[in-house]
Number of protein chains: 2
Amino acid sequence: MELYVERGFEQTTVAEIAQRAGLTARTFFRYFADKREVLFAGSAILEEHLIAALESTPASASPMEAVAAALDAAATMLGQRREFSRRRQSVIAANAELRERELIKMASLSGALAAGLRRRGVADSDASLAAEAGIAVFRVAFERWVGEPTDRGLATIMRESLEQLKALTAAS
Amino acid sequence: MELYVERGFEQTTVAEIAQRAGLTARTFFRYFADKREVLFAGSAILEEHLIAALESTPASASPMEAVAAALDAAATMLGQRREFSRRRQSVIAANAELRERELIKMASLSGALAAGLRRRGVADSDASLAAEAGIAVFRVAFERWVGEPTDRGLATIMRESLEQLKALTAAS
DNA sequence: AGGGTCATGTCATCAAGTGACATCACGTCC
DNA sequence: GGACGTGATGTCACTTGATGACATGACCCT
């Protein structure tokens with residue numbers, strides 16, 4: 001991240017990253033599949049937490065309620081370290097390849113969420129839709145949280161956005 | 001697409017593509033920014049149609065109604081050529097880089113949609129949420145349409161999925 | 001005939017990945 | 001303590017994607 005912030009993602013070579021870490025480029029590629037992946041090391045853990053939260057909601061909860069619980073978990077996980085998130089996000093926003101990578105991580109989250117819902121007996125189509133909608137909320141809320149001047153709390157913004165989506169679809 | 005279907009995306013080099021087209025690799029890169037882009041040439045046109053449809057809905061329509069109209073336009077555009085869509089989709093599904101590219105095209109659609117909504121006076125946050133939700137529906141419906149054994153019509157499935165989302169959020 | 005523009009080709013170069021093999025530090029076992 | 005296996009790292013060679021610089025040739029306009 002240091003180098004990506006200093007001179008931008010494209011302008012830094014893997015050799016430079018490796019050098020700063022006291023390693024060889026070859027070794028870098030043994031830890032990260034590619035130059036982008038190094039910024040997304042945490043996403044697997046995030047996914048685990050999301051799923052754990054989903055699984056621990058009572059079986060009586062509706063699909064969207066379960067998704068909301070998962071989003072809460074995500075919020076508490078990311079909610080700390082806003083400064084870090086902002087810097088990271090500004091690096092990602094500045095480069096198309098990184099944005100692509102982020103999107104596929106989100107898609108993976110969505111897929112995991114949908115699978116989790118199916119495991120609770122939610123119908124296939126409901127599961128994918130609820131998961132996609134949940135991730136849409138996540139995305140919008142996260143972006144808002146990172147962009148706002150004062151920290152209102154990611155969880156709050158998530159809940160707010162979810163309510164907003166509810167209102168929007170109801171009004172159609 | 002021929003080559004991507006024949007031997008897979010990774011296994012075909014740009015040199016081969018260029019050769020089959022009777023060109024040089026250098027020339028290929030003058031038409032397409034990269035090896036992936038060649039599969040997404042149509043997405044700019046799709047975006048235009050979506051926005052055109054959005055703009056031509058009455059100002060009285062709610063955000064989600066306007067989005068629904070845009071989705072209808074997308075459906076009539078893609079609704080023909082299901083066979084083509086299936087082959088293309090199977091190529092994309094088989095490769096992570098292509099999936100990434102598709103996701104960013106979707107994100108671009110979402111951004112354009114949100115911008116269109118804002119132009120109609122919809123509040124910022126409502127606009128992004130409605131757009132994201134719309135794209136989520138698009139994604140799920142398209143996937144379903146491509147995967148189904150018989151062609152029920154993309155537009156029908158889109159409407160159906162939108163209703164489903166409405167029901168899901170209402171039940172939370 | 002001359003000049004301008006556009007598409008293409010050629011060449012050189014860089015950086016991202018990847019496979020094959022060597023090396024070195026370590027812990028284990030006899 | 002020395003032989004041995006294992007895992008992490010380095011070195012080297014190579015392919016491919018991508019880009020810049022320059023040349024060439026077709027076409028059109030005056």
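Letters A, B, ... mirror the listed sequences (proteins, then strands); counts begin at 1.
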| query | If the sugar-phosphate is the primed atoms plus P, OP1 and OP2 and the base is the rest, what is the B/S/- string for nucleotides 7-20 of chain C, using protein heavy atoms under 4.0 Å? | reply | SBBB-----SSBBB
| said: So does A114(A) get a backbone contact from the side chain of R119(A), meaning a donor-acceptor N/O pair under 3.5 Å? | reply: no
| remark: From CD of E16(B) across to C1' of dG17(D) the rounded distance in Å is 13 Å
| Is R86(B) reaching over with its side chain to a backbone N or O of V146(B), donor-acceptor style, under 3.5 angstrom? | yes
| field | E55(B), CD: over 12 other non-hydrogen atoms inside 6.0 angstrom | value | yes
| said: I'd like to know if the side chain of R120(A) and the backbone of T57(A) have a donor-acceptor N/O pair within less than 3.5 Å. | reply: yes
| Side-chain (K35(B)) to main-chain (T12(B)) donor-acceptor, under 3.5 angstrom | yes
